[in-house]
**Q** 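Okay, here's the structure, questions in a sec.
In what follows, every chain begins at residue 1, and chains take the letters A, B, ... in the order their sequences are listed. Being a predicted model, the structure only gives us computed values, none of them experimental.
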2 protein chains.
Amino acid sequence: MDPAADPSSPGPRRATIEDVAVAAGVSVATVSRALRGLPHVAPATRQRVVQVATELAYRPDPAAARLATGRSQAVALAVPVLNSWYISQVESGAEAVCSADGYDLIIMGVTGEPARRSLLAEESSLHRRVDGVVFIDIAVDDDDVARLAERGLAVVTLGNVTATCPSVTIDEDEVARLATEHLLSLGHRRIGLLGGQRDDPLGFSVPRRRRAGHHATLERAGVEIDPDLEGIGNFSVMGGRDAMAGLLQLPDPPTAVFAMSDEMAFGAMLAARERGLDIPRDVSVVGVDDHDLSIVVGLTTVQQPVADIGSRAARLLLDQITGAAATPAHIRSPVSLVVRATTSAPLPRRQETAEKP
Amino acid sequence: MDPAADPSSPGPRRATIEDVAVAAGVSVATVSRALRGLPHVAPATRQRVVQVATELAYRPDPAAARLATGRSQAVALAVPVLNSWYISQVESGAEAVCSADGYDLIIMGVTGEPARRSLLAEESSLHRRVDGVVFIDIAVDDDDVARLAERGLAVVTLGNVTATCPSVTIDEDEVARLATEHLLSLGHRRIGLLGGQRDDPLGFSVPRRRRAGHHATLERAGVEIDPDLEGIGNFSVMGGRDAMAGLLQLPDPPTAVFAMSDEMAFGAMLAARERGLDIPRDVSVVGVDDHDLSIVVGLTTVQQPVADIGSRAARLLLDQITGAAATPAHIRSPVSLVVRATTSAPLPRRQETAEKP
DNA sequence: GTGAAAGCGCTAACAC
DNA sequence: GTGTTAGCGCTTTCAC
């Protein structure tokens, strides 16, 4: 007799729209209109319906609504990894916006090219499941966006940019310029670079752009680009450590390093310390993000408004879904250099450059 | 004529189960059985159906399936905050399991008591939306679980424990004991504690339990408990910094501090450094979690298998949903002390304790 | 302003 | 082994 005895049983059946209709003495159509705030409902009727619905603890079944409308009231966040500081911040910002607007936020890990392809495929798991998706650091081109749009999906990209769909990005050239010019201005000439894989399977373009910006800045300063000074840190702490360890055992190691993320920069600091080097005396390091802990370890970094980027992306997506697309298509967030304690002038070394005439 | 012209239009209508049925020359029921691997389908028929479905790029509409079955094939992760390392690790582990099993993972931020209450309420947003939910560090009691079960929802808790629903936890007493005994064994007697709010609005019990374990360990060692030595760090870096700053300006400051999370420990390190103190010479600090960056800053900490905890929780939940509940109800994950560079013996001070007879 | 009824696309009896 | 059919609970014309 105890309804809670079998946890898998539905227990006391929940009120349906019909129950509300009967109890309020109106039709289900009226209940539907009244509860959703649609016009053509007498104020008195609406009030009564709302009243009854509350008493019955009525909640529309989302699945039924989805089936009838074709809209899922859910959006997806497609991410390459979850255990990254940047992504969890973005997610945090996006979640707040989505929940405020009554949208479910579904997290989809897209690790590796097969996963990416299958997500973008014709018979994707996105189908009818969400109304839109924001791709974080995942390569989608205009064809992909068009194909998704054709199926009624709104799209926003982060990191990556396409011509057709809204995005929120930062000026990657500027990021690299700020970091590299800072090191140059301190007198560094041998500057290491810690980034992602050369040929990223997910076509993640941010590292490519930061690298280009780094090179451009070096060239502008007349500093020769040494391919040996580039390490692959995969945007993780340990990846950064390993990559930095590699650079440090070069015959002519860098006196400074630009890590494309703070997490890699932390790894670089670890590698330096493991080698008995002092930061910034022996080697300077600058990162990107302004991670929570950057202030703790005194990391010089290029700051970006991470959580804000997440909420803007979600906003852009929801506006697109609801048709309130008055917002500009491509948002560019500001970045700025935060100088802390991991950067300083290089130690005077055998002044090779001074040999010049 | 371009179907992609209006992105909000459905475009070329996707195949429904009926289309597949017609094309395969069978009934929709057979298609449904064939595609879901149910018995009572001739091998040849099944093969043909699968073939046709593939050609038509058919994907069942999840909303329709949900409405018909009452199962949503989705689960929720209810979290108090998103920008915590611990939570994003757990999420990462859970996402992998869910996606492998074809379940959607919905993230729900539950910040503050009103949000908690509304989530647990009769007419909750959980209703019919998910098949189960894992509560991370959110207070749910047996009544809550019973009420949710009554509505057909599976529940798993993390951090918190109830009598009736599965959980994955760590031995919080052990955590505190490992940390505090380590400090005691080094000779510390004035040991600070960095935790959460005294009266947590979400009823988050972990800090309470760690605090109890800390006190018990101190008492066992005959060390008097000084309430002044307890700071509220809210499990964030900056919270830890502020709390630690408070402890450090005490007339008789602690020589060591036990932070209930690595993030607070990082904050504590920052506060110490800002005060010109050296770690561990002037003050030792030990945390909990073994954060990615703990190794970088050399933090002594009590390690727990965070991502694994997330995947186990998801597994427990899915097994509960599918009825494959052969797994034990309460999983306890192992913890261990990782000694690094932030702890050492205290400086010899005016030996007040030596005045004793 | 309100109601009747036809779906939305699928699943699950039940019949054959 | 396969088909028929009645829902699942909501939205949305179209009448009135």
Side-chain angles (χ1 to χ4, degrees), chain A residues 8-10 13-50 52-53 56-74 102 123 127-129 131 151-152, chain B residues 9-10 12-50 52-53 56-74 102 123 127-129 131 151-152:
Chain A
S8 73
S9 93
R13 199 175 62 68
R14 288 193 64 90
T16 69
I17 196 173
E18 177 132 28
D19 299 329
V20 178
V22 171
V26 294
S27 72
V28 294
T30 299
V31 174
S32 180
R33 292 188 197 105
L35 261 24
R36 288 183 305 153
L38 296 185
H40 307 306
V41 180
T45 309
R46 186 187 307 271
Q47 194 186 326
R48 186 155 35 90
V49 169
V50 169
V52 169
L56 266 45
Y58 168 72
R59 291 290 304 228
D61 182 324
R66 287 169 191 189
L67 183 56
T69 61
R71 323 252 67 192
S72 67
Q73 295 276 99
E123 66 294 347
H127 170 57
R128 280 280 211 156
R129 201 170 283 275
D131 298 334
R151 297 199 262 133
Chain B
S9 91
R13 199 176 61 68
R14 286 193 65 91
T16 69
I17 196 172
E18 177 132 28
D19 299 329
V20 178
V22 171
V26 295
S27 73
V28 293
T30 300
V31 174
S32 180
R33 291 188 200 104
L35 260 25
R36 288 184 302 154
L38 296 185
H40 307 307
V41 180
T45 308
R46 187 186 306 271
Q47 194 186 327
R48 186 155 34 92
V49 169
V50 169
V52 169
L56 267 46
Y58 168 72
R59 290 291 303 227
D61 183 324
R66 287 170 192 188
L67 183 55
T69 60
R71 323 253 68 191
S72 67
Q73 295 277 97
E123 67 293 346
H127 170 57
R128 280 281 210 155
R129 201 169 283 276
D131 297 334
R151 297 199 263 132

**Q** Measure the angle between the two terminal helix axes of the helix from C/dG1-D/dC16 to C/dC16-D/dG1, five base pairs each, and quote it to 10°.
**A**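 One end's axis against the other's: 30°.
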
**Q** For the side chain of B/Val26, starting at C-beta, report the closest nucleotide among C/dA4, D/dG3, D/dT11.
**A** D/dG3

**Q** For residues A/Tyr58 and A/Ile17, report the shortest heavy-atom separation together with the two atoms involved.
**A**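 Looks like CE1-N, 3.3 Å.
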
**Q** State which of C/dT11, D/dC10, D/dT12 makes the closest approach to the side chain of B/Ala68.
**A**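 Closest of the options to the side chain of B/Ala68: C/dT11.
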
**Q** Any side-chain to backbone donor/acceptor pair from B/Ser72 onto B/Arg129? Under 3.5 Å, distance only.
**A**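 Checking the backbone N and O of B/Arg129 against the side chain of B/Ser72, a donor-acceptor pair under 3.5 Å is found.
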
**Q** Could you check how far CZ of A/Arg129 sits from C1' of C/dC10, rounded to whole Å?
**A** 14 Å

**Q** Looking at the side chain of B/Ala29, which of D/dT12, D/dG3, D/dG9 is the nearest nucleotide?
**A** D/dG3

**Q** Hey, does the side chain of B/Ser27 come within less than 4.0 Å of D/dG3's phosphate (OP1/OP2), counting only N and O?
**A**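 So the side-chain polar atoms of B/Ser27 do come within 4.0 Å of the phosphate oxygens OP1 or OP2 of D/dG3, strictly under.
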
**Q** Starting from P on C/dG7, measure out to CD on B/Glu18 and report it in whole angstrom.
**A** 12 Å

**Q** Evaluate A/Val26 against A/Val31 for side-chain contact (heavy atoms from CB on, under 4.5 Å), listing each step before the verdict.
**A** CA-CA 7 Å; A/Val26 294; A/Val31 174; 3.7 Å; yes

**Q** Under the side chain to side chain donor-acceptor pair (under 3.5 Å) definition, can you give me all pairs with a residue in residues 21-46 of chain B, not counting sequence neighbours?
**A**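 Output for this query lists B/Ser27-B/Thr30, B/Ser32-B/Arg36.
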
**Q** A/Arg48 side chain to A/Ala24 main-chain N or O, any donor-acceptor pair under 3.5 Å?
**A** yes

**Q** Tell me the interatomic distance from B/Tyr58, atom OH, to C/dC10, atom C1', rounded to whole angstroms.
**A** 7 Å

**Q** Send over the distance from A/Arg59 CZ to D/dC10 P, rounded to a whole Å.
**A** 11 Å

**Q** Looking at every heavy atom in both B/Gln73 and B/Asp131, which two are closest together, and how far apart are they?
**A**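 Taking B/Gln73 first and B/Asp131 second, the nearest heavy atoms are N-OD2, 2.8 Å.
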
**Q** Choose from C/dT11, D/dG3, C/dG9 the nucleotide whose nearest atom is closest to any side-chain atom of B/Ala64.
**A** C/dG9

**Q** Please find the pair of heavy atoms, one from A/Ala63 and one from B/Arg66, that lie closest to each other, and give the distance.
**A**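 In terms of heavy atoms, the two residues are closest at CB-CB, 3.6 Å.
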
**Q** For A/Leu35 and D/dG9, what is the distance between atoms CG and C1' respectively, to the nearest whole Å?
**A**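 Answer to the nearest Å: 14 Å.
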
**Q** Which residues in residues 37-48 of chain B have at least one heavy atom lying under 4.0 Å from any atom of DNA chain D?
**A** B/His40, B/Val41, B/Ala42, B/Thr45

**Q** With respect to the side chain of B/Leu67, which nucleotide from C/dA4, C/dC10, D/dG9 is positioned closest?
**A**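 Taking heavy atoms from C-beta onward, the closest nucleotide is D/dG9.
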
**Q** Please state how far atom CG in B/Leu56 lies from atom P in C/dG9, giving the value in whole angstrom units.
**A** 14 Å

**Q** Test A/Arg151 against B/Arg14 for side-chain contact (heavy atoms from CB on, under 4.5 Å), laying out the working first.
**A** CA-CA 8 Å; A/Arg151 297 199 262 133; B/Arg14 286 193 65 91; 3.4 Å; yes

**Q** When you check the phosphate oxygens OP1 and OP2 of C/dT11, does a side-chain N or O of B/Ser32 lie under 4.0 Å from one of them?
**A** yes

**Q** Start with the C-alpha gap between B/Leu35 and B/Val49, add the side-chain angles, then the distance that decides, and say whether side-chain contact (heavy atoms from CB on, under 4.5 Å) holds.
**A** CA-CA 7 Å; B/Leu35 260 25; B/Val49 169; 3.5 Å; yes

**Q** Of all the nucleotides listed (D/dT2, C/dG9, D/dT11), which has the minimum atom distance to the side chain of B/Arg33?
**A**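 Looking only at side-chain atoms, B/Arg33 lies closest to D/dT2.
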
**Q** Counting side-chain heavy atoms from C-beta on, which of D/dT2, D/dT5, C/dG3 comes nearest to B/Val28?
**A** D/dT5

**Q** A/Asp61 has an atom CG; how far is it from atom C1' of D/dT11, in whole Å?
**A**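 A/Asp61 atom CG is separated from D/dT11 atom C1' by 13 Å.
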
**Q** For the side chain of B/Arg128, counting heavy atoms from C-beta on, which of C/dG3, D/dC8, C/dA12 is nearest?
**A** D/dC8

**Q** Just the rounded figure in Å: distance from C1' of D/dC8 to CD1 of A/Ile17.
**A**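 Rounded to the whole Å, the gap is 14 Å.
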
